[in-house]
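First the structure, in the form of structure tokens, and then the observations on it.
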Amino acid sequence: MTDTEYFESEEFRDILKEYEEKVLMGGPVFMDLDDMADVADYYHMNGQVGKAMDIVERALKLYPGSTPPLVYKIHNALDNNNIKEAYRLLKMIDDKDDLEFLFVKAEILIVQDRIAEAERLFRERFAQITPEEHQDYIVDVANIYSTYNVHDKAMEWSARALPEDTDDFRELMARTMYGLGKYEESERMFNELIDHHPYSIDYWNAIASAQYMKGDYSAAISSSEYAIAIDPDNAEALLAKANGLQRMENHEEAIKYFERYLEKTPDDEFALLNMGVCLINLGKLYEATTRLHRALDVADKDSPYLAEIYQELGFAYSELHQPKTALYYLEKTDQMDCDHTEIAVVKGHVYLANGDINKAEEIFRRIIEDPETPPRALLRIMVSLYDNKYIHAAYKMFGRYFDIVGKDCTEGYSYMALCCWDLQRHEEFLEYLNTAVERNPQEARLVLSPLFPQGTAPEDYYHYMKEYLKS
């Protein structure tokens, strides 16, 4: 039984009702410690952190020094990156031999990236327990590592366990496979779990995430829709559908779901950033800058999305023909740990889009002549040339690009096909179109779909155009 299913069970509903009635009466709340811990977890899962902390404090008054409420407070401290407070609370736990004490102590070490020390704690305790306890202990340790995204260690410990025909073990393996980037295996395992728990929002969201990561955006949208059908207000499902729609270039629908998600989680800079990107693609540039500035306002100084927010602001202000403002935001990334070659490409694009051809050429030439420049950056330069109507230059550069990257290249053929189309090189266009559809149908859909009737599948592009060019 998943946590969600337990919280929906009659057994738990009776416990919750008993607690809430006692709170309303205003007197002391005498309840079993484990039941109080479950109620706290329920409130926390539903975003009612204040209520969760209230019951934790009540539990500590009834059971001073008890492990479950102090573990809850330690997790809360770790969520806020307050390591000092976590250690203070750890000392307050009376039973230092309790397995939960060991586990939460190791969690603090893991959060500090002191993996070797946490591993030493786990191994020392493992050597002390009986063989009958091994399986449960191994699975618990693997789950802890999985929770904190230390997936190599999660797999290492999982490999020690006896295979279990249980949903808990399947979930552990599914999440570990996901963390290791084995999305096909992860999706398959979560589908097995869905067979047993068809109304589990967590599992539908997990499947959507695995499908998204392997590039199956249509399937990811469908999975998120199952989760939304179960709970129309589930934030994770709304975000998953928004992300999938954005990847499918359905920007207008994506914005609707980003808006619904942001009603639940208004300070998520990732969602604000991607909503801004959708608005840029729709040409709604002022609205885009509003969302992107909001993303800057709420983003922490260590946010992994900060450089991307500045980059998209650069794009937006460039399109608004405000190159100085665009470059101002791009230059804010100069001292950041990010892909500076990518930012340089955007700077070159800003100059090119706003008429400073010499400055753009200087930047692009420096990038092209650098032997360390990745092919992806070269591709973005060529796309910039095409977008700014330098079709011949883009065409020539694509020809050299394919010689450099070799026969295994999968990106760029759709753009070269577009160049050939604009230059009326129809035979070459059909050759590159065929290659584009075979090697990267997703790119073909994104780049070439405007040339075809709405709804035409990429696998039909070549046949359609071959017949069209005959007429």
Side-chain angles (χ1 to χ4, degrees), residues 47 205 208-209 212-213 217 220-221 224-225 227-228 232-340 342-350 353-354 380 383-384 387-388 446-447:
N205 283 335
S209 185
Y212 179 88
M213 293 303 294
Y217 305 122
I221 291 169
S224 68
E225 286 170 346
I228 292 168
D233 294 324
N234 184 266
E236 187 177 347
L238 293 170
L239 182 60
K241 184 166 183 181
N243 288 334
L245 289 165
Q246 181 186 4
R247 285 289 188 171
M248 296 290 287
E249 297 284 299
N250 191 343
H251 300 296
E252 289 187 0
E253 279 298 303
I255 287 170
K256 293 177 185 177
Y257 283 90
F258 279 127
E259 285 176 338
R260 286 176 61 181
Y261 171 77
L262 287 164
E263 287 174 7
K264 312 293 176 188
T265 315
D267 293 341
D268 185 337
E269 72 268 28
F270 173 80
L272 289 162
L273 162 64
N274 284 287
M275 190 171 178
V277 172
C278 288
L279 289 163
I280 290 172
N281 278 282
L282 291 172
K284 299 179 179 180
L285 301 170
Y286 286 108
E287 290 180 56
T289 59
T290 299
R291 291 293 183 171
L292 293 168
H293 281 294
R294 173 65 181 157
L296 277 185
D297 290 340
V298 302
D300 184 86
K301 63 181 177 64
D302 297 320
S303 169
Y305 307 112
L306 206 52
E308 196 173 349
I309 295 169
Y310 286 131
Q311 180 175 314
E312 294 302 332
L313 278 167
F315 273 125
Y317 280 112
S318 176
E319 291 299 306
L320 287 167
H321 303 293
Q322 298 179 36
K324 288 184 179 178
T325 306
L327 293 167
Y328 166 78
Y329 285 109
L330 292 172
E331 285 164 4
K332 282 184 170 291
T333 67
D334 288 352
Q335 304 304 316
M336 295 177 67
D337 181 15
C338 62
D339 188 337
H340 292 287
E342 183 175 331
I343 299 295
V345 172
V346 181
K347 289 179 180 178
H349 175 83
V350 171
N354 289 276
R380 293 195 68 178
V383 172
S384 176
D387 286 345
N388 287 289
L446 296 179
V447 176

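Along the sequence shown, residues carry numbers from 1.
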Of the non-hydrogen atoms in A254 and Q246, which two are nearest, and what is the gap between them?
CB-N, 3.7 Å
Give, for atom CE of M336 and atom CG of D302, the distance between the pair rounded to the nearest 0.5 Å.
9.5 Å
Without swapping roles, check the side chain of R260 against the backbone of A242 for a donor-acceptor pair under 3.5 Å.
no
From CG (L272) to OG1 (T290), nearest 0.5 Å:
11.0 Å
Go through the steps to decide whether H251 and I280 satisfy the test side chain to side chain contact (heavy atoms under 4.5 Å, CB included), and finish with yes or no.
CA-CA 9 Å; H251 300 296; I280 290 172; over 6 Å; no
Between the side chain of S303 and the main-chain N/O of D300, is any donor-acceptor distance below 3.5 Å?
no
Going from CG on D268 to CZ on R294, what distance comes out if it is rounded to the nearest 0.5 angstrom?
11.0 Å
Going by distance alone, is a donor N or O of one side chain under 3.5 Å from an acceptor N or O of the other, for Y212 and N243?
no
Candidate pair L292 and Y329, rule side chain to side chain contact (heavy atoms under 4.5 Å, CB included), full reasoning
CA-CA 11 Å; L292 293 168; Y329 285 109; over 6 Å; no
Do L320 and T289 pass the side chain to side chain contact (heavy atoms under 4.5 Å, CB included) test, and can you show the C-alpha distance, the side-chain angles, and the key distance before you say yes or no?
CA-CA 10 Å; L320 287 167; T289 59; 4.2 Å; yes
Residue pair L446 / R247: nearest heavy atoms and the distance that separates them
CD2-O, 3.6 Å
Going from NZ on K264 to CG on D233, what distance comes out if it is rounded to the nearest 0.5 angstrom?
3.5 Å
Heavy-atom side-chain contact between F258 and L239 under 4.5 Å:
yes
Of all heavy-atom pairs between C278 and I255, which one has the smallest distance, and what is that distance?
CB-CG1, 3.7 Å
Are side-chain N/O atoms of Y310 and K332 paired as donor and acceptor at under 3.5 Å?
no
Evaluation steps, side chain to side chain contact (heavy atoms under 4.5 Å, CB included), between L313 and L296:
CA-CA 10 Å; L313 278 167; L296 277 185; 3.6 Å; yes
So, for A353 and N388, which heavy atoms are closest and what is the spacing to 0.1 Å?
CA-OD1, 3.1 Å
Are the side chains of Y261 and K241 in touch, meaning some heavy atoms are under 4.5 Å apart?
no
Out of curiosity, I309 CD1 to F270 CZ, how far, rounded to the nearest 0.5 Å?
11.0 Å
Would you call L330 and H349 a side-chain contact if the rule is heavy atoms closer than 4.5 Å?
no
Distance, nearest 0.5 Å, that separates CD of E319 from NE2 of H321:
7.0 Å
To check you understand the geometry: which heavy-atom pair defines the closest contact between S318 and N354, and what is its length?
OG-ND2, 3.3 Å
Step by step, would you call E253 with K256 a salt bridge (Lys or Arg N to Asp or Glu O under 4.0 Å)?
CA-CA 5 Å; E253 279 298 303; K256 293 177 185 177; 2.7 Å; yes
Quick check on side chain to side chain contact (heavy atoms under 4.5 Å, CB included): which of R380, H340, Q311 does V345 satisfy it with?
R380
In this structure, are over 12 heavy atoms from other groups packed under 6.0 Å from D337 atom CG?
no
Greater than 12 external heavy atoms within 6.0 Å of E252's CD:
no
Quick one: closest heavy-atom pair of A208 and A220, and the distance?
O-CB, 3.4 Å
